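What follows is a short report on a single structure.
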Amino acid sequence: MRGDFAASIPDQIAAALEPYGLVPRGGFVFDEENALSPLIQGTHFRSVVLVGYFGSAIWPHFTRWWQDHRDSQDPLDQWSKDVLTAVATRFGAIAVFPSDRPYLPFQQWGMRAEGLRPSPLGILIHPQYGLWQAFRGALLFDRAIDFASGGPQRHPCDDCQDKPCLSACPVNAFSDGGYDVVRCRSHLASGEGNECLSGGCLARRACPAGHEYAYSAPQMRFHMKAFARG
Ligand code: B12
């Protein structure tokens, strides 16, 4: 009978994140060489569970919190820290965050944990949710967590002949040479980039994958404003 068994740790973590619109985005046990294991306070951790979201799932939870924390400088980062530090403590883990320096290799972890690959824009692309997903943190454990890791997933860009993401940017900030951040930010600052600022990055919006999960208009604006601020 199901009820006779305690839920697995991954299931318990999923249940703890669910009230915030967050989800575990795979995890894995670090290799013996510890190539992807960060050294924090002299310790190499054994395993990692990534935490993130798909589409606008976090938005109502985050904005409710934000109403009471209007003076926060980086509200989304602060909310993530509040939520994930408490969840980590519950599971005997520590929480780490993508914006904290020195930067931890979140995208490499994501590739390994979920079997994703980068889109031509640099953001990892998901077969279902496209570019409309990100990480909010990760839980690091000093023990092995048995997390069924995703093997390679279908890479939507393989079947995409036209690659509209590469031609949609009004200032051609994306090319084979990478992402020209200065060009993108200058456009946003020039007063010409209002469509990007208010509706979201045009290159990202041009991607046909996971269109139905595109962020809500307020969430698009929030991320673009934060990015434009630097
Ligand atoms: C610095 C940074 C930026 C910089 C510079 C990016 C660059 N040219 O390298 C700036 C400020 C420009 C930037 C912008 C954005 N970023 Co950014 N960024 C980071 C950050 C904090 C550090 C990157 C890093 O150096 N990592 C350290 C190395 C060791 O880790 P890594 O996994 O090996 O690094 C990989 C990346 O550097 C990647 N990469 C290389 N070039 C580019 C270019 C871009 C645009 C991206 C996203 C990644 C990328 O390749 C590396 C190897 O896989 C990461 C978080 C993190 N800790 O990784 C987010 C991160 C990569 N960014 C992310 C996002 C979503 C964005 C934005 C879309 C934000 C937005 N507006 O919503 C924009 C893109 C611009 C746009 N037009 O929308 C996400 C990507 C999620 C995903 N699904 O892959 C991350 C993981 C943060 C998160 N919370 O999830 N970003």
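All ligand and atom numbering here is 1-based and tracks the order in the structure. Throughout, residue positions are numbered sequentially from 1 according to the sequence presented. Because the structure is predicted, anything quoted here is derived from the model rather than measured.
Nearest-heavy-atom check against atom 25 (O) of ligand 1 across Phe106, Tyr103, Phe135 picks out Tyr103. Between Leu104, Leu50, Asp100, Val96, it is Leu104 that holds the heavy atom closest to atom 56 (C) of ligand 1. The nearest non-hydrogen atom to atom 78 (O) of ligand 1, considering only Ala226, Cys201, Pro105, comes from Cys201. Closest heavy-atom approach to atom 81 (C) of ligand 1 among the candidates Leu76, Leu36, Asp180, Ile123: Ile123.
Annotation for ligand 1: atoms under 4.0 Å from non-hydrogen atoms of Pro98 are 21 (C), 55 (C), 56 (C), 57 (N), 89 (N).
Within the 4.0 Å heavy-atom criterion, the part of Tyr179 lying near ligand 1 is the side chain and not the backbone. Contacts between Val181 and ligand 1, counted as non-hydrogen atom pairs separated by less than 4.0 Å, involve the side chain only.
Residue, atom and distance of the protein heavy atom nearest to atom 67 (C) of ligand 1 are Arg204 NH1, 4.6 Å.
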Side chains of residues 116-123: which donor-acceptor partners sit under 3.5 Å, not counting sequence neighbours?
residue	atom	partner	partner atom	Å
Arg117	NH2	Asp158	OD1	3.3
Ser119	OG	Leu121	N	3.2
Ser119	OG	Ile123	O	2.8

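When each of Trp65, Phe222, Tyr215, Trp132 is checked for a ring pair (Phe, Tyr, Trp, His ring centres under 6.0 Å) with Trp59, only Phe222 meets the rule. Of the listed residues (Arg25, Gln128, Glu114, His126), just one forms a side chain to side chain donor-acceptor pair (under 3.5 Å) with Gln133, and that residue is Arg25.
In this structure, Phe54 is not a member of the same hydrophobic cluster as Leu131, with clusters built from ILVMFWY side-chain heavy atoms closer than 4.5 Å.
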